[in-house]
Protein chains: 2
Amino acid sequence: MKESKTTIHDIARALQIDSSTVSRALNNSPRVTQKTKDKILAKAEELGYQRNVLASNLRKNVTYTIGVVVPRISRHFFSSAIQGIEETAYQAGYNVIICQSLEQLEREKKIVETLLANRVDGVLMSISMETLDYDHLQTLKGSNIPLVFFDRHCDLPGNSNVLIDDFKGGFDATQHLIDKGCKNIVHFSGPQVLEIYRKRFEGYKAALEKNGIVFRNDLVFTSRLMEQEGSECAKKIISENMDVDGIFSANDVAAIGAMKYLKQHGVNIPDDIAIVGFSNEPVSRVIEPSLTTIDQPGFEIGKAAVNLLLEQINDKSLITKGKSVVLESNLIPRSSSNKS
Amino acid sequence: MKESKTTIHDIARALQIDSSTVSRALNNSPRVTQKTKDKILAKAEELGYQRNVLASNLRKNVTYTIGVVVPRISRHFFSSAIQGIEETAYQAGYNVIICQSLEQLEREKKIVETLLANRVDGVLMSISMETLDYDHLQTLKGSNIPLVFFDRHCDLPGNSNVLIDDFKGGFDATQHLIDKGCKNIVHFSGPQVLEIYRKRFEGYKAALEKNGIVFRNDLVFTSRLMEQEGSECAKKIISENMDVDGIFSANDVAAIGAMKYLKQHGVNIPDDIAIVGFSNEPVSRVIEPSLTTIDQPGFEIGKAAVNLLLEQINDKSLITKGKSVVLESNLIPRSSSNKS
DNA sequence: CTGTTAGCGCCTTCAT
DNA sequence: ATGAAGGCGCTAACAG
């Protein structure tokens with residue numbers, strides 16, 4: 001049984017010095033001779049010493065850990081955001097605990113409690129769709145733990161948010177179609193309770209207006225944006241012989257549904273009808289290389305969110321001063337086959 | 001500044017009792033009167049007490065945390081495995097730290113160090129493709145920390161593995177095609193350095209043999225299984241006028257590539273040629289509902305892996321006794337549209 | 001530069 | 001059933 005880990009006392013005893021000197025040396029304090037430092041480090045190596053982070057953290061009252069709460073990690077946007085978060089956090093010497101709310105308020109509450117119990121230094125959060133009031137988040141504020149929302153924004157005053165500019169995304173998508181020569185542009189929109197869809201819709205209208213194209217309500221199809229709903233819209237366009245030369249879809253799934261249907265009925269994409277869709281999953285581009293997508297910069301969102309959080313961790317007076325960062329999505333004209 | 005968290009001493013003082021009694025009460029020890037327990041719990045609630053897990057863990061020399069190392073969380077298989085892991089771990093009172101190696105050995109090494117430093121109680125791991133020797137994992141063994149491999153198996157003796165039965169998956173896929181009446185079944189296989197592809201291939205051959213169908217090498221297309229490679233195989237089948245009525249693809253992407261090409265050239269799926277593919281991403285089924293898939297039970301793998309790990313955490317003598325669990329993949333004949 | 005002392009917050013013998 | 005005392009491993013004053 002070599003159960004027992006070596007501690008700073010072990011290496012202090014072996015060297016006939018005090019454990020506090022060892023501690024200082026291991027923390028590279030300037031108040032220790034280089035010579036003793038070398039001795040200590042050598043001995044530490046020899047004994048296979050490993051600092052007990054728990055003890056250290058307890059003493060220093062920090063954890064160098066941040067909690068991340070997302071609806072589900074399997075969604076591409078979130079997994080790429082997490083990638084950005086980890087990258088940035090690790091570089092700053094922070095660990096990351098990832099939690100999934102699965103869009104359930106109950107789970108979100110429990111997660112917040114757990115994170116609090118584990119004394120995380122800060123929390124990044126993308127609230128669940130069920131989350132309408134924010135009482136459970138007050139405990140974080142109460143404990144003076146910085147909290148930054150990303151992707152899904154929380155409209156309480158004094159909170160920090162990192163978001164995508166959906167208005168601009170919708171605008172860019174529409175402008176792109178107009179630049180390609182489209183005049184009669186259909187918009188597939190989603191549930192208007194969600195801010196993202198409202199904003200994309202507004203961007204669409206703004207682009208039309210800017211280019212002197214009159215907005216027509218009959219060109220807007222609102223649905224849940226599933227694949228089938230996309231193809232149903234396409235069906236309507238064809239069967240009613242609508243005069244359409246462009247489609248801006250608020251997500252990729254509906255866009256693909258529409259494309260499939262249109263292609264099957266002899267419509268040429270993008271020559272007859274050009275299509276642009278907000279992209280949720282990168283597979284879309286693999287499946288339909290001819291689909292122009294608006295890509296959401298998950299990685300950058302993650303990075304920005306961590307940076308904002310670290311600012312607040314390092315200067316707690318910033319916690320109550322809400323600060324928002326807005327990132328732009330990228331229009332990708334049509335990707336050539338790219339490796340996953 | 002209400003910086004200071006309330007501790008057991010605070011509530012002990014408030015009640016004029018000793019902190020050890022408070023500790024016992026909060027741990028629901030049977031050696032405290034129900035009456036005092038009630039008093040203590042009430043006071044704890046009143047003062048907003050929250051146990052300092054760090055201190056508790058330091059004292060007890062545990063963390064109730066397990067580390068999970070995967071190549072990348074964005075791959076569907078891994079994110080569903082993680083889901084299973086979290087679910088099971090949380091129920092057992094364990095927290096989970098998720099780390100991505102991004103298929104890089106260097107990162108994997110660093111991650112193992114971090115997990116060790118954070119004194120995790122156990123580790124679940126899916127090794128990176130770059131990992132050929134296992135020196136960096138010896139430190140875990142050295143610290144007596146249980147380690148269970150999942151999905152990607154580690155062939156050192158005495159290690160525990162949780163795997164999918166790729167042989168059986170290949171067998172089932174092929175048998176399914178045979179049952180549908182196929183006689184001339186093409187196999188799209190992947191790089192033979194990877195065990196999964198060798199095993200799926202073997203399953204294919206075994207099923208043929210069992211049904212008295214002679215194996216023909218010219219029906220096996222080995223490639224990197226990208227979409228384009230799938231469509232090239234399909235092209236060959238058509239242009240050389242091969243007599244083929246079934247395809248078993250070792251992944252879904254190549255299968256989809258082939259389907260697209262075949263459909264475009266007037267081949268009826270599945271009447272002319274039936275197709276079965278191992279499924280990596282569930283999107284495949286959305287895109288091509290007519291594709292029969294072999295689904296890999298990520299969630300169950302995760303669950304099984306945690307259970308195996310917990311066994312070892314609770315009985316450390318099991319650590320050196322390698323134990324393997326093999327799970328079966330599911331053949332899904334053709335999903336009707338299912339919501340994501 | 002190094003040693004001494006005193007905790008961080010909790011749990012767990014050992015008494016009573 | 002409760003109190004007293006010590007220590008998990010580390011760090012941060014305060015001395016010298």
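Below, chain A is the first sequence line, B the second, and so on; all start at residue 1. Worth saying up front: this structure is predicted, and the values here are computed from it rather than measured.
- An OP1 or OP2 oxygen of D/dT11 is reached within less than 4.0 angstrom by a side-chain nitrogen or oxygen of A/S23.
- For the pair B/I66 and B/I313, the minimum side-chain heavy-atom distance is below 4.5 Å.
- As rounded to whole Å, 14 Å separates atom P of C/dC1 from atom NZ of A/K39.
- By the 4.5 Å heavy-atom criterion applied to side chains, A/L318 and A/E311 are counted as neighbours.
- Along DNA chain D, the nucleotide nearest to A/T7 and the one nearest to B/I17 differ in position, and the one closer to the 5' end is contacted by B/I17.
- Across all strands, B/S56 comes closer than 4.0 Å only to sugar-phosphate atoms, never to a base (heavy-atom distances).
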Sequence neighbours left out, cut at 3.5 Å: what donor-acceptor pairs do the side chains of residues 118-125 of chain A make with other protein atoms?
{"from": "A/R119", "atom 1": "NH2", "to": "B/Q50", "atom 2": "O", "distance (Å)": "3.4"}
{"from": "A/D121", "atom 1": "OD1", "to": "A/T63", "atom 2": "N", "distance (Å)": "3.2"}
{"from": "A/D121", "atom 1": "OD1", "to": "A/T63", "atom 2": "OG1", "distance (Å)": "3.1"}
{"from": "A/D121", "atom 1": "OD2", "to": "A/T63", "atom 2": "N", "distance (Å)": "3.4"}
{"from": "A/D121", "atom 1": "OD2", "to": "A/Y64", "atom 2": "N", "distance (Å)": "2.7"}

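- Rounding to whole angstrom units, CG of residue A/N61 and P of D/dA13 are separated by 14 Å.
- Contact of the A/V325 side chain with the A/L327 side chain is registered, since non-hydrogen atoms from C-beta on lie closer than 4.5 Å.
- For the pair B/K60 NZ and D/dG7 C1', the interatomic distance rounds to 16 Å; values are reported in whole Å.
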Residues 299-309 of chain A side chain polar contacts: donor-acceptor under 3.5 Å, at least two apart:
{"from": "A/N307", "atom 1": "ND2", "to": "A/K303", "atom 2": "O", "distance (Å)": "3.3"}

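- Applying the 4.0 Å criterion to OP1 and OP2 of C/dT2, one finds that A/T36 has a side-chain N or O inside that range.
- Out of C/dT12, D/dC8, C/dA6, the shortest distance to the side chain of A/R59 is found at C/dA6.
- In this structure, B/S101 contributes its side chain and B/R107 its backbone to no donor-acceptor pair below 3.5 Å.
- D/dT2 atom C1' lies 8 Å from atom CG of B/D18, rounded to whole Å.
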Provide a list of protein-nucleic acid N or O atom pairs under 3.5 angstrom, restricted to nucleotides 14-16 of chain C.
none

Check step by step if side-chain hydrogen bond (donor to acceptor under 3.5 Å, both in side chains) holds for A/S29 and A/N27. CA-CA 5 Å; A/S29 156; A/N27 286 300; over 6 Å; no

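- OP1 or OP2 of C/dC8 has not a single side-chain nitrogen or oxygen of A/N57 nearer than 4.0 Å.
- Near-neighbour residues of DNA chain C inside residues 42-55 of chain B, defined by a heavy atom below 4.0 Å, number-ordered: B/Y49, B/R51, B/N52, B/A55.
- Annotation: of the two residues near DNA chain C, A/P30 and A/S20, the 5′-most nearest-nucleotide partner is A/P30.
- Distance from the side chain of B/T21 is smallest for D/dG3 among the nucleotides D/dC10, D/dG3, C/dG9.
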Would you check, one step at a time, whether the test salt bridge (Lys or Arg N to Asp or Glu O under 4.0 Å) holds for B/E108 with B/R152? CA-CA 14 Å; B/E108 195 172 279; B/R152 300 191 182 176; over 6 Å; no

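- A/S143 places a side-chain N or O within 3.5 Å of a backbone atom of A/T139 that can act as its donor or acceptor partner.
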Test side-chain hydrogen bond (donor to acceptor under 3.5 Å, both in side chains) on B/S74 and A/Q83 and set out the steps. CA-CA 9 Å; B/S74 59; A/Q83 203 121 339; 5.1 Å; no

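- Shown for residues 112-120 of chain B: no residue has heavy atoms falling under 4.0 angstrom of DNA chain D.
- Atom CG of A/L26 and atom P of D/dA12 are 13 Å apart (whole Å).
- Identified under the side chain to side chain donor-acceptor pair (under 3.5 Å) test for residues 32-43 of chain B, with sequence neighbours left out: B/N28-B/K37, B/Q34-B/D38, B/K43-B/E46.
- In terms of phosphate contacts, B/T33 brings a side-chain nitrogen or oxygen within less than 4.0 Å of OP1 or OP2 of D/dT2.
- B/S160 places a side-chain N or O within 3.5 Å of a backbone atom of B/K323 that can act as its donor or acceptor partner.
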